[in-house]
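Not measured: the values here are computed from a predicted model.
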Amino acid sequence: MPDRCEVLPGDSVVARRGGGLLWVDAPGSPALVAALHACLGVAGPGADRVLAAVAGQVSSLAHGAASFALVLADTSGGAGTGVALWSGKGQPAVDGVPVSGSSVEGCTLAAGFQLGQTLYVGPGQAAPQMPPGVAFDLVEGTVPGSGAMLQLAAVAHPSSSAVPPATSTPSSFTAGSDAGLGSGSSRMASAPPDSGEQTAFWRPEQSAAPVLRFDDGLVVTVDEDLVLGRRPDNHELVTTGGARPVPIADTQNVLSSAHAALQRSGREVSLVDLGSLNGTHVAGPEATEWTQLEPGVAHPLSDGDRLLLGWTVITFEQPSD
């Protein structure tokens, strides 16, 4: 099963559930987005027929231009295969090579293609390598993004007895406008021993960095300084290479472009409000009231502290020594 999902910053939508991964850019078509999102839980031999049926509904559900790429990955039995449906600018790719398929109702459908070390969904403009910077390590849920790269645990292929080792810089396809911000990590977590059951959730290494756990299931590693907000990529800390941007979905327009920052000093992590319009709040694990931070003043975080940015609740988790 997938091990780690890296989401590139952007204004489109990326969703992950189980073995399904979706990128969609259809701002005027909520019914289409909902139909594609519902397919993320589909698995089994009939998955291609389900996607073919969805393809027949795309023209009636889409209002205006719509692009998407949806992949359902199946690694049961040790051999990884996928089923994909895409349209418009969308394009799935395996190890940097675009997946090929057949035309179905104006979309493209591919079934039974072999998985590799990386799986990409997003706009299909070829790029020599993954742009630097990872905005999210998506465990499960729906977030804004211009594409997503799935680092896959080793799977057995019929034509070989072993899977080649992962490269440090995986190939991909990516959008030219929103991708490639900050500096992030592309490490793959080692595959667990074959115990007959494996989880699709990303598991940090034993000496893992602290993490931010969002209320929608999103997990972000705090392995360097971060800037959080609606569009944090233009903040000085990010443009100078001093921090990684973490864009947050903001349908209520209550977040500032660069709302708050997390700063690391050894094992200590501090939260700093960046002069946000609606403030940054924090509460301990047992606290019943939020405390608003003074802009520009660092507040040290402890394991279990909750952060409130706009309407977004985030829990800070600090692994024990």
Side-chain angles (χ1 to χ4, degrees), residues 7-11 14 132-139 141-146 178 180-185 204 208-319:
V7 180
L8 299 171
D11 295 328
V14 170
V134 175
F136 293 118
D137 302 331
L138 180 60
V139 176
T142 303
V143 296
S146 66
D178 291 321
L181 301 169
S183 59
S185 169
V211 300
L212 298 178
R213 191 174 300 276
F214 287 65
D215 53 3
D216 64 356
L218 174 70
V219 176
V220 175
T221 54
V222 190
D223 51 3
E224 57 184 316
D225 290 358
L226 306 176
V227 175
L228 295 79
R230 182 164 40 85
R231 296 190 63 87
D233 42 285
N234 292 324
H235 191 270
E236 181 182 3
L237 289 174
V238 176
T239 58
T240 58
R244 189 172 86 230
V246 178
I248 301 174
D250 181 28
T251 58
Q252 303 297 320
N253 293 322
V254 293
L255 286 175
S256 297
S257 295
H259 198 100
L262 268 78
Q263 299 175 342
R264 290 197 57 166
S265 178
R267 282 187 52 82
E268 183 176 286
V269 178
S270 296
L271 177 66
V272 181
D273 180 80
L274 297 176
S276 62
L277 182 62
N278 292 311
T280 299
H281 300 75
V282 66
E286 306 300 328
T288 58
E289 294 183 356
W290 295 100
T291 299
Q292 184 170 350
L293 301 186
E294 183 179 345
V297 178
H299 175 85
L301 294 176
S302 300
D303 181 48
D305 279 353
R306 291 165 293 156
L307 289 55
L308 179 64
L309 282 64
W311 297 114
T312 301
V313 178
I314 310 167
T315 302
F316 175 76
E317 298 179 3
Q318 175 78 271

Chemist: Please determine whether the number of non-hydrogen atoms from other residues, nucleotides or ligands lying under 6.0 Å from atom CZ of R306 exceeds 12.
Modeler: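 Above 12, so yes.
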Chemist: Judged by atom type as modelled, is there a donor-acceptor pair below 3.5 Å linking the side chain of Q318 to the main-chain atoms of R267?
Modeler: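 Pair found, side chain donor or acceptor close to backbone of R267.
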Chemist: Begin from the C-alpha positions of H299 and S270 and carry the test side-chain contact (heavy atoms from CB on, under 4.5 Å) through to its verdict.
Modeler: CA-CA 5 Å; H299 175 85; S270 296; 5.9 Å; no
Chemist: When rounded to the nearest 0.5 angstrom, what is the spacing between CZ in R230 and CD1 in I248?
Modeler: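 One gets 11.5 Å once the value is rounded to the nearest 0.5 Å.
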Chemist: Testing the basics here: between S302 and F316, what is the closest heavy-atom pair and its distance to 0.1 Å?
Modeler: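 Heavy atoms only, the tightest pair is O-CD2, 3.3 Å.
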Chemist: Could you tell me which non-hydrogen atom of V227 sits nearest to which non-hydrogen atom of A258, and how far apart they are?
Modeler: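 Heavy atoms of V227 and A258 come nearest at CG1-CB, 4.0 Å.
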Chemist: Could I get the full list of side chain to side chain contact (heavy atoms under 4.5 Å, CB included) partners for P295, not counting sequence neighbours?
Modeler: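 Applying side chain to side chain contact (heavy atoms under 4.5 Å, CB included) to P295 gives D273.
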Chemist: Assess the residue pair V220 and R244 against the criterion (side-chain contact (heavy atoms from CB on, under 4.5 Å)); give the C-alpha distance rounded to whole Å, side-chain angles, the decisive distance to 0.1 Å, and a yes or no.
Modeler: CA-CA 11 Å; V220 175; R244 189 172 86 230; 3.6 Å; yes
Chemist: Would you say that L301 contacts V282 through its side chain, given a criterion of any heavy-atom pair below 4.5 Å between the two side chains?
Modeler: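 Yes, side chains in contact.
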Chemist: Mind listing the closest non-hydrogen atom pair of G284 and D305 along with its distance?
Modeler: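 Minimum heavy-atom separation between G284 and D305: CA-OD1, 3.5 Å.
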Chemist: Minimum heavy-atom separation for P319 and E317, please, with both atom names.
Modeler: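 It is CD-O, 3.7 Å.
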Chemist: Would you sort out whether L212 and L226 count as a side-chain contact (heavy atoms from CB on, under 4.5 Å), showing the intermediate values?
Modeler: CA-CA 11 Å; L212 298 178; L226 306 176; 4.1 Å; yes
Chemist: Looking at Q263 and D225, what are the two nearest heavy atoms and their distance?
Modeler: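 Taking every non-hydrogen atom into account, CA-OD1, 3.4 Å.
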Chemist: State the CG-CG distance between L309 and L271, to the nearest 0.5 angstrom.
Modeler: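 Result: 7.0 Å between the selected atoms.
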Chemist: Is there a side-chain contact (heavy atoms from CB on, under 4.5 Å) between L228 and L307 once you walk through the steps?
Modeler: CA-CA 11 Å; L228 295 79; L307 289 55; 5.8 Å; no
Chemist: Is N278 reaching over with its side chain to a backbone N or O of V254, donor-acceptor style, under 3.5 angstrom?
Modeler: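 Yes; at least one donor-acceptor contact below 3.5 Å.
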Chemist: Taking all atoms of both residues into account, what is the closest heavy-atom pair of F214 and V246, and its distance?
Modeler: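 Heavy atoms of F214 and V246 come nearest at CZ-CG1, 4.4 Å.
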Chemist: Is Q292 atom CD crowded by more than 12 heavy atoms from other residues, nucleotides or ligands, each under 6.0 Å away?
Modeler: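 Yes, because the 6.0 Å sphere around CD of Q292 holds more than 12 heavy atoms from other groups.
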Chemist: Output yes when a side-chain donor or acceptor of H259 lies under 3.5 Å from a complementary backbone atom of G279, and no otherwise.
Modeler: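 Answer holds: yes.
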Chemist: Is a donor on one side and an acceptor on the other found under 3.5 Å between the side chain of R264 and the backbone of G266?
Modeler: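 Present.
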Chemist: Is atom CH2 of W311 surrounded by more than 12 heavy atoms (other residues, nucleotides or ligands) closer than 6.0 Å?
Modeler: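 Counting neighbours around CH2 of W311, 12 or fewer heavy atoms of other residues, nucleotides or ligands fall under 6.0 Å, so no.
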Chemist: Can you tell me how far CG of L308 sits from OG1 of T291, rounded to the nearest 0.5 angstrom?
Modeler: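 Separation between the atoms: 11.0 Å.
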